[in-house]
Amino acid sequence: MSFDNVRGYSTPGRVSRTPQGSGTRSVIQQLGPRPDGSVPFSVEFNPPRDAAGEARLWRAAREFERLHPAFVSMTYGAGGSTRDRTIRVTGQLARETTLLTVAHLTAVDHSVAELRSIVGAYADSGIRNLLVLRGDPPGDPLGDWVKHPEGVEYAEELVRMVRDLGDFHVGVASFPQGHPRSTDLDQDTGHLIAKLRAGAEYSITQMFFDPEHYLRLRDRVAALDPAEGDKPIIPELMPITSLRTVERAVELSGRELPVKVLERLRKAAGDGPEENRAAVRAAGIEIATEMAQTLIDEGAPCLHFITLNFAKATGEVLANLGYTVSPAVASA
């Protein structure tokens, strides 16, 4: 299958589809119950590194398009060709699919002028929904954060900048276990409240593996500022398909897997020199399904899935939860 066919250009000269209302819809507007009464879900993509990765992304996007997610988001790699590819592909998702596309924007290594230019490039593609983050230092996410000499220091400033640039809908990150650079949970909650007061309409959490962490975050925000506590906090889930992959991802986040989850995965992995990937994957899907059901029962406004640009694992979790998933998605 050629790259163009993956994106949908099966006919030479075909005009790309214009997404329905992509320039006017907002994430908040998408968070009501789905037609069948189920809780909305959304998915996160990563910038592809090469043509093969780009083709895989488009396959996943087309599969998810069948399932009608509330929105899709594209993470952001700062600097050089990664940044340029990210902006281009994110714009193409907005223009060439029916998916409401949310672009990530980080302050890492960017001046205010560059940030304004990036926002303008997204606006030219019809993207009016941005997830604003300060971002992690390149190379070492837990290293010292250094402000660009002509940039911004905090995500709160970036939220205000984007809102001042025009009619944009802004979301921010939240941290159920606290940001690694926060001294404690109270300080971290204060930072989130500041971002919401600056104009953010909702937040998406860092991934977590214990629903209690999400519920306590929600409680802390509501207690500190009831008005801002009414804004949606969207939980982020990662269906685990590899023990090594999730351990690395959790390490980069500055957190640890809950003991019960780790024991369950290690039991599935077995004692051999190589982990039993099939068993780990099955356990990971079960864990994600159980977490998602708990979050639904507790009133989460949406479920946001880390996909790593694949559709199958998320499709399996959704099917377990009772969402209608076509065979094509379940095998993608």
Side-chain angles (χ1 to χ4, degrees), residues 42 44 46 73 75 104 106-108 131-137 140-145 154-156 159 171-196 200 202-225 228-229 231-240 242-266 283-284 286-308 317:
S42 54
E44 177 182 287
N46 300 115
S73 72
T75 63
H104 288 216
T106 77
V108 176
L131 188 71
V132 170
L133 315 98
R134 186 166 79 162
D136 295 322
D140 180 7
L142 301 179
D144 293 335
W145 199 92
Y154 299 109
E156 175 189 353
V159 172
V172 292
S174 52
F175 300 87
Q177 296 171 268
H179 192 283
R181 293 185 183 84
S182 294
T183 57
D184 54 40
L185 291 176
D186 289 338
Q187 184 192 60
D188 186 78
T189 306
H191 289 323
L192 174 57
I193 292 293
K195 292 185 288 187
L196 295 171
Y202 64 94
S203 72
I204 299 177
T205 73
Q206 184 185 52
M207 70 175 180
F208 58 93
F209 293 93
D210 183 344
E212 282 298 312
H213 292 146
Y214 169 82
L215 299 176
R216 300 293 77 78
L217 166 65
R218 199 169 62 178
D219 291 345
R220 291 194 301 273
V221 175
L224 185 59
D225 189 323
E228 301 302 334
K231 293 181 177 179
I233 300 176
I234 300 173
E236 182 176 67
L237 305 174
M238 180 180 179
I240 298 168
S242 163
L243 178 56
R244 291 179 181 176
T245 298
V246 74
E247 285 181 328
R248 177 59 175 162
V250 171
E251 178 186 346
L252 292 175
S253 74
R255 300 302 174 199
E256 297 180 352
L257 280 170
V259 172
K260 290 183 179 181
V261 172
L262 184 58
E263 290 177 346
R264 196 165 163 184
L265 293 171
R266 285 180 173 168
E286 288 179 358
I287 291 167
T289 301
E290 293 164 6
M291 285 184 57
Q293 187 60 63
T294 297
L295 293 166
I296 290 172
D297 293 342
E298 292 288 349
C302 183
L303 303 174
H304 190 65
F305 291 93
I306 298 173
T307 69
L308 303 179
V317 174

>> Listing request: all salt bridge (Lys or Arg N to Asp or Glu O under 4.0 Å) pairs with a residue in residues 205-217, at least two apart in sequence or in separate chains.
In response: E212-R216, R216-D219

>> Rounded at 0.5 Å granularity, tell me how far CD in E44 sits from CE in M238.
In response: 10.0 Å

> Is any NZ, NE, NH1 or NH2 atom of the basic residue among R264 and E286 found under 4.0 Å from an Asp or Glu carboxylate oxygen of the other?
Replying inline: yes

>> Test salt bridge (charged side-chain N to carboxylate O under 4.0 Å, His left out) on K231 and E228; report intermediate values, then the result.
In response: CA-CA 6 Å; K231 293 181 177 179; E228 301 302 334; 2.9 Å; yes

> So which heavy atom on I306 is nearest to which on P239, and how close?
Replying inline: O-CD, 3.6 Å

> When rounded to the nearest 0.5 angstrom, what distance separates OH in Y214 from CG in L237?
Replying inline: 10.0 Å

>> To the nearest 0.5 Å, what is the distance between OG on S174 and CG on L192?
In response: 5.5 Å

> Which residues pass the side-chain hydrogen bond (donor to acceptor under 3.5 Å, both in side chains) test with T205, sequence neighbours left out?
Replying inline: none

> Looking at NE2 of H213 and CZ of R218, how far apart are the two atoms once the value is rounded to the nearest 0.5 Å?
Replying inline: 15.0 Å

> With sequence neighbours left out, what residues match E236 under side-chain hydrogen bond (donor to acceptor under 3.5 Å, both in side chains)?
Replying inline: none

> Within a strict 4.5 Å, meaning less than it, do heavy atoms of the R134 and Y154 side chains meet?
Replying inline: yes

> Say you draw a straight line from NE2 of H104 to CG of L131; how long is it, rounded to the nearest 0.5 Å?
Replying inline: 4.5 Å

> What residues form a side-chain contact (heavy atoms from CB on, under 4.5 Å) with A283, not counting sequence neighbours?
Replying inline: L265, A268

>> Could you measure the distance from the CG atom of L133 to the NZ atom of K195? Nearest 0.5 Å is fine.
In response: 7.0 Å

> Mind checking what makes side-chain hydrogen bond (donor to acceptor under 3.5 Å, both in side chains) contact with E247, not counting sequence neighbours?
Replying inline: none

> F175: what forms a ring-ring contact (aromatic ring centres under 6.0 Å, His included) with it, not counting sequence neighbours?
Replying inline: H179

> Taking only residues two or more places apart in sequence or in another chain, which ones pass salt bridge (charged side-chain N to carboxylate O under 4.0 Å, His left out) with R220?
Replying inline: none

> Would you call F209 and I240 a side-chain contact if the rule is heavy atoms closer than 4.5 Å?
Replying inline: yes

> Does any non-hydrogen side-chain atom of I193 lie less than 4.5 Å from one of V221?
Replying inline: yes

> Under the side-chain hydrogen bond (donor to acceptor under 3.5 Å, both in side chains) test, which residues partner T245, sequence neighbours left out?
Replying inline: S242

> Any idea which heavy atoms bring Y202 and I234 closest together, and the distance?
Replying inline: CD1-CD1, 4.0 Å

Just distance, no hydrogens or angles: give the donor-acceptor pairs under 3.5 Å from side chains in residues 295-304, sequence neighbours left out.
| unit_1 | atom_1 | unit_2 | atom_2 | d |
| --- | --- | --- | --- | --- |
| D297 | OD1 | Q293 | NE2 | 3.0 |
| H304 | ND1 | S42 | OG | 2.6 |
| H304 | NE2 | S73 | OG | 3.4 |

> Does the side chain of L262 reach to within under 4.5 Å of the side chain of L243, using non-hydrogen atoms?
Replying inline: yes

